A.B. asks: 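Dropping a structure here in structure tokens format, bear with me for questions.
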Amino acid sequence: MSLVLDAAAQDLLFREARTANSFSDEPVTEEQVQAIYDLVKFGPTAFNQTPLRITLVRSAEARERLVKHMAEGNQAKTAAAPLVAILSADNEFHEELPQLLPHFPQAKDAFFSERPVREQSALVNASLQAAYFILGVRAAGLAAGPMTGLDFAGVQKEFLDADHTPLMVVNIGKPGENAWFPRSPRLDFDQVVTTV
């Protein structure tokens with residue numbers, strides 16, 4: 001094997017990990033979420049920007065408000081998951097660049113003074129961070145159920161503001177009964193990789 005990561009960790013993060021469709025009622029603690037974030041915050045982004053924002057939906061009232069914006073097929077599992085996170089991109093991330101990029105604080109104005117440029121960069125880099133977040137959930141021994149079947153405008157209006165673009169909703173917890181659909185096929189190496 002050419003990978004340094006041991007086989008058990010490879011299975012936990014990739015080969016055996018799946019999108020969970022049901023969860024046990026075991027709670028997900030603040031300490032677990034903190035540990036997940038403290039691990040995944042080190043994932044690379046352009047200019048060390050950190051546009052990902054995580055809104056944890058814990059209260060029954062907030063959960064009810066979120067469920068009504070989910071696609072019909074996602075409503076029951078979002079209602080039942082121990083924890084739900086709304087992942088969004090902060091389009092004003094550039095305000096933090098002087099702190100996050102102290103050797104080049106002028107990047108804030110040199111590259112990100114225009115809103116359309118910020119929105120594109122926030123989308124790409126927050127999406128990267130969202131993928132790291134899912135891996136972090138798996139590294140914590142939990143299952144993630146990321147979903148984009150939702151009313152994005154409704155979620156933004158209900159939970160965010162005009163400076164935050166929703167990316168996805170992630171159900172989080174220990175898998176419940178019949179949590180997994182059968183594994184779907186993936187493309188082979190030769191279908192994806194081209195050498196030039």
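This structure is a prediction, so every number in the text was calculated from the model and none was measured.
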A.B. asks: Going by the angle between their ring planes, with limits at 30° and 60°, are F47 and F111 parallel, tilted or perpendicular?
C.D. replies: tilted
A.B. asks: Quick one: pull up CG in N125 and CG in L52 and give me the separation to the nearest 0.5 Å.
C.D. replies: 10.5 Å
A.B. asks: Please check if the number of heavy atoms outside K41 that lie under 6.0 Å from its NZ is greater than 12.
C.D. replies: yes
A.B. asks: Are more than 12 heavy atoms, taken from residues, nucleotides or ligands other than E177, located less than 6.0 Å from that residue's CD atom?
C.D. replies: no
A.B. asks: What is the minimum heavy-atom distance between P44 and L128, and which atoms define it?
C.D. replies: O-CD1, 3.9 Å
A.B. asks: For Q32 and T29, indicate whether the former's side chain and the latter's backbone hold a donor-acceptor pair under 3.5 Å.
C.D. replies: yes
A.B. asks: With rounding to the nearest 0.5 Å, note down the distance linking CG in N91 to CZ in R53.
C.D. replies: 10.0 Å
A.B. asks: Quick one: closest heavy-atom pair of V170 and A144, and the distance?
C.D. replies: CG1-CB, 3.9 Å
A.B. asks: Testing H94, E95, Q49, E96 for side chain to side chain donor-acceptor pair (under 3.5 Å) with K108, which one passes?
C.D. replies: E95
A.B. asks: Distance check, rounded to the nearest 0.5 Å: N171 atom CG versus N74 atom CG?
C.D. replies: 7.5 Å
A.B. asks: When rounded to the nearest 0.5 angstrom, what is the spacing between CD in Q156 and CG in D161?
C.D. replies: 7.5 Å
A.B. asks: Show every donor-acceptor pair shorter than 3.5 Å between a side-chain atom in residues 184-196 and any protein atom, with sequence neighbours excluded, or say none if there are none.
C.D. replies:
unit_1 : atom_1 : unit_2 : atom_2 : d
R186   : NH1    : S184   : O      : 3.1
Q191   : OE1    : D188   : N      : 2.8

A.B. asks: Taking the six-membered ring of F93 (Phe, Tyr or Trp), confirm whether the NZ or CZ of R118 is under 6.0 Å from its centre and within 45° of its axis.
C.D. replies: no
